[in-house]
Amino acid sequence: MTTWEYATAPVLVHATKQILDSWGADGWELVTIIPGPNPQNLVAYFKRPIAAPAS
């Protein structure tokens with residue numbers, strides 16, 4: 001069974017691609033993105049699998 005870790009991050013509308021590319025390069029998968037507290041911000045929800053402990 002896959003175990004996941006999760007993160008949320010603010011995303012500025014004018015830098016969306018750069019921010020999402022950066023998280024993706026670190027192994028995070030975008031789950032959803034929703035409006036933030038003001039029109040210039042979004043909130044992104046990410047997940048990535050946690051490596052299984054070595055046996």
Kindly state each residue pair satisfying salt bridge (charged side-chain N to carboxylate O under 4.0 Å, His left out) with at least one member in residues 11-25, sequence neighbours excluded.
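For residues 11-25: Lys17-Asp21.
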For His14 and Gln18, which heavy atoms make the closest approach, and how far apart are they?
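So the two residues come closest at O-OE1, 4.5 Å.
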What is the minimum heavy-atom distance between Val13 and Thr16, and which atoms define it?
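Of all heavy-atom pairs spanning Val13 and Thr16, the closest is O-OG1, 3.0 Å.
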With sequence neighbours excluded, tell me which residues meet ring pair (Phe, Tyr, Trp, His ring centres under 6.0 Å) with Trp28.
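Ring pair (Phe, Tyr, Trp, His ring centres under 6.0 Å) list for Trp28, sorted by chain: Trp23.
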Pairs of donor and acceptor atoms involving the side chains of residues 30-52, under 3.5 Å and at least two apart or interchain, shall be tabulated with distances.
{"from": "Asn38", "atom 1": "OD1", "to": "Gln40", "atom 2": "N", "distance (Å)": "2.8"}
{"from": "Asn38", "atom 1": "OD1", "to": "Asn41", "atom 2": "N", "distance (Å)": "3.3"}
{"from": "Arg48", "atom 1": "NE", "to": "Glu5", "atom 2": "OE2", "distance (Å)": "2.8"}
{"from": "Arg48", "atom 1": "NH1", "to": "Asp26", "atom 2": "O", "distance (Å)": "2.7"}
{"from": "Arg48", "atom 1": "NH2", "to": "Glu5", "atom 2": "OE2", "distance (Å)": "3.4"}

